[in-house]
Asker: 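Pasting a structure here, questions to come.
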Amino acid sequence: MAVVGDLALTFGGLVKKEKSIGLKNGVFGAPICSRRVCFIGRKLRTSKSRMEIRAVTQIGVESSGTTSDSTSFQRFEGLDVVSEGELRERGFLGMRKTKLVCTIGPACCSMEDLEKLAVGGMNVARLNMCHNTREWHQDVIRKIKKLNFEKGYCVSVMIDTEGSQIHVVDHGSPSSVKAEEGSIWFFTTEKFEGSRPFTIQANYEDFSEGVNVGDEIVFDGGMATFEVVEKVGKDLRCKCTDSGLLLPRAKLSFWRDGTLLVKNTQLPTLSSKDWSDIEFGISEGVDFIAMSFITDSNAVSHLKDYLSTKSSKSIKVLAKIETLVAIDNLKSIVEASDGIMIARGDLGVEIPLDSIPMVQQQITHLCRKLNKPVVVASQLLESMVEYPTPTRAEVADVSEAVRQYADALMLSGESAIGPYGQKALSVLQTTSRRMELSNLENNKGEFQDILGTSFPDQIAEQISNHAARMANNLALDAIFVFTRHGQMASFLSRNRPNPPVFAFTNDSSTRMALTLRWGVTPLLIDLSDDMEANISKSIDLIKTVGLIKNGDTILVVSDFVPNSTTQTVFQSIQVKSIE
Ligand SMILES: Nc1ncnc2c1ncn2[C@@H]1O[C@H](COP(=O)(O)OP(=O)(O)OP(=O)(O)O)[C@@H](O)[C@H]1O
Ligand SMILES: CC(=O)C(=O)O
Ligand SMILES: [K+]
Ligand SMILES: [Mg+2]
């Protein structure tokens with residue numbers, strides 16, 4: 001048996017290795033030579049708890065203070081029913097890692113349909129505030145919360161702001177209009193009901209500001225193209241130079257000599273309608289707000305500050321990358337946000353379509369490096385809005401996003417308006433599972449540390465990097481992490497380890513935020529200040545319902561900062577064999 005003093009790791013040079021290490025509260029602790037120390041040791045333990053653990057190997061970091069012995073576990077909400085079913089059916093390594101977001105619309109807003117999506121693996125329900133009424137959105141949010149509460153699902157709610165963008169006014173006519181090459185059209189901001197021949201109504205008063213004769217107007221990133229032939233006050237007379245379909249709410253982009261005229265910066269990122277939708281989101285207790293058409297990090301920081309004062313629960317802010325300017329400011333936006341959505345639909349209006357795959361790859365990698373969840377969105381299975389099977393190219397696109405280790409994939413019209421929403425969700429399920437297995441095979445060898453260290457002063461990052469490496473190299477069955485704010489769970493997820501990560505938290509906002517993290521199954525429990533008791537109790541509970549069995553080996557990571565400053569901060573890695 002290795003003895004105390006087997007120090008192997010130091011973090012930030014805080015540990016004086018020659019100092020003797022004492023035994024404290026059943027773990028290797030440290031005299032108060034520094035506020036934080038780390039230790040590695042090995043001991044044999046005879047457990048009095050029902051679960052028998054033979055060997056306990058620990059790597060830990062502990063801060064000085066006193067621990068309370070109080071162990072209260074009145075509440076155990078266990079696993080959500082979908083993860084539980086998956087675990088029973090497929091075992092730990094068969095659990096799906098990539099999270100799935102469904103846009104809710106008229107095709108899937110009944111209680112029955114929402115439940116079918118939850119059963120089918122929806123982790124996050126997205127509501128696009130561009131469409132439908134306040135009452136409709138409220139009804140959907142309440143149905144989802146009811147399903148979670150009464151039936152044990154764990155589906156979080158995201159609202160997506162309308163944002164400001166120049167587009168054609170949706171005047172209610174459902175069909176598209178065809179523009180023929182050479183035809184002359186009038187673009188105006190004059191408000192009128194219904195449609196007028198050869199007239200396009202733009203939504204934004206100053207849409208033509210800075211636009212010159214000879215510039216091009218492109219619909220929906222290439223659906224049709226016009227050349228400005230005359231300026232008439234604020235309106236424009238244009239000739240169609242590339243025929244195509246003009247869809248309701250089509251997006252307009254403006255080009256000069258092949259270069260985009262950046263007009264988003266003139267528009268407010270959050271309009272008064274967006275602010276009122278945000279107030280609504282706060283009052284309904286949504287989990288995520290996705291901000292459309294952001295151009296820089298200021299808007300993100302502003303909303304986060306606002307939410308921290310106005311919302312009693314923690315609401316996460318996702319920045320949608322869908323403008324050219326946002327790509328220029330990518331790093332600061334990722335840093336300011338709680339996560340990113342790669343909104344490929346509108347992004348494709350501003351950047352050439354052939355650069356989208358590279359941009360997607362760059363964003364997914366950067367988000368992982370900076371430990372922010374990333375959602376790949378739009379047109380993943382677009383043909384399924386109409387057809388019951390996807391194209392081969394769509395399946396290849398979904399697989400590529402999974403191979404890139406995106407945290408989540410999103411359905412838009414496929415679930416919101418299409419008749420095959422559940423099928424589309426099941427295509428995402430099976431396709432991601434297949435690619436995850438292939439990733440798993442590739443990771444069987446030595447753990448690849450492709451991330452480096454982005455947070456050199458953070459003990460949690462070091463612990464989780466080492467934990468993920470151990471979990472892969474030792475082929476462990478599962479990782480259990482104890483986390484109040486989700487940081488350690490997110491750092492573990494960031495490493496994309498082979499075993500699933502079960503994140504135990506006592507904070508329901510943390511639980512819901514973790515629904516978007518790759519490979520994490522969040523559970524809500526009461527956490528006492530006695531970490532050892534938390535660990536054995538939670539393993540015991542999961543064992544009682546038959547979800548872990550003798551012979552399983554799990555890695556337990558704790559990142560436990562008690563409420564009181566006089567209590568012990570305890571961060572550790574332990575390997576536990578269940579016997
Ligand atoms: N709540 C809703 N009510 C009615 N239709 C909806 C609703 N949500 C989505 N849709 C329909 O589904 C389509 C796809 O939805 P989605 O919100 O992903 O697309 P989008 O409008 O292009 O997104 P965004 O505006 O964020 O770029 C929309 O064009 C709209 O027709
Ligand atoms: C999702 C979204 O907003 C887009 O793709 O544009
Ligand atoms: K939107
Ligand atoms: Mg968009």
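All ligand and atom numbering here is 1-based and tracks the order in the structure. When reading the values below, keep in mind they use all heavy atoms of this one structure, side chains included, and skip hydrogens, waters and symmetry mates.
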Asker: Is the K ion (ligand 3) under 3.4 Å from any N, O or S atom of M129?
Answerer: no
Asker: Taking K234's backbone N and O only, do any of them form a donor-acceptor pair with S208's side chain (distance below 3.5 Å, no angle check)?
Answerer: yes
Asker: Within a 6.0 Å radius of atom NE2 on H131, are there more than 12 heavy atoms belonging to other residues, nucleotides or ligands?
Answerer: yes
Asker: What angle, to the nearest 10°, do the atoms OG (S292) and OD1 (N128) form about the K ion (ligand 3)?
Answerer: 160°
Asker: Ignoring hydrogens and geometry beyond distance, is a side-chain donor-acceptor pair present between K313 and S509 at under 3.5 Å?
Answerer: no
Asker: Does the side chain of E386 come under 3.5 Å of the side chain of Y420 through a donor N or O and an acceptor N or O?
Answerer: no
Asker: Going by an N to O cut-off under 4.0 Å, is there a salt bridge joining E436 and R96?
Answerer: no
Asker: Any carboxylate oxygen within less than 4.0 angstrom of a Lys/Arg side-chain nitrogen, looking at D160 and R126?
Answerer: yes
Asker: What I want to find out is whether E112 reaches K143 closely enough, with some N-O distance under 4.0 Å, to be called a salt bridge.
Answerer: no
Asker: If you compare all heavy atoms of A179 against all heavy atoms of F226, which two are closest, and at what distance to 0.1 Å?
Answerer: CB-CZ, 3.8 Å
Asker: For ligand 1, find each of its N or O atoms that sits under 3.5 Å from a protein N or O atom, and tabulate the pairs with distances to one decimal place.
Answerer:
| residue | atom | partner | partner atom | Å |
| --- | --- | --- | --- | --- |
| ligand 1 | 3 (N) | N132 | ND2 | 2.9 |
| ligand 1 | 17 (O) | R126 | NH1 | 3.3 |
| ligand 1 | 17 (O) | N128 | ND2 | 2.4 |
| ligand 1 | 18 (O) | R126 | NH1 | 2.9 |
| ligand 1 | 18 (O) | S412 | OG | 3.2 |
| ligand 1 | 21 (O) | N128 | ND2 | 3.3 |
| ligand 1 | 21 (O) | H131 | NE2 | 3.0 |
| ligand 1 | 23 (O) | N128 | ND2 | 3.2 |
| ligand 1 | 25 (O) | N128 | ND2 | 3.3 |
| ligand 1 | 26 (O) | R126 | NH2 | 3.0 |
| ligand 1 | 26 (O) | N128 | ND2 | 3.3 |
| ligand 1 | 26 (O) | K320 | NZ | 3.1 |
| ligand 1 | 27 (O) | D346 | OD2 | 2.8 |

Asker: Any sub-3.5 Å donor-acceptor pair from T430's side-chain atoms to S426's backbone N or O?
Answerer: yes
Asker: Checking D274 against S271: is there a side-chain donor and acceptor pair closer than 3.5 Å?
Answerer: yes
Asker: Report the angle formed at the K ion (ligand 3) by atom OD1 of D160 and atom O of T161, rounding to the nearest 10°.
Answerer: 70°
Asker: For the Mg ion (ligand 4), report each protein N, O or S atom nearer than 2.8 Å, sorted by chain and then by residue number.
Answerer: E322 OE1, D346 OD2
Asker: Report yes or no: is the cationic atom of K263 (NZ for Lys, CZ for Arg) under 6.0 Å from the centre of the six-membered ring of F254, at an angle within 45° of the ring normal?
Answerer: yes
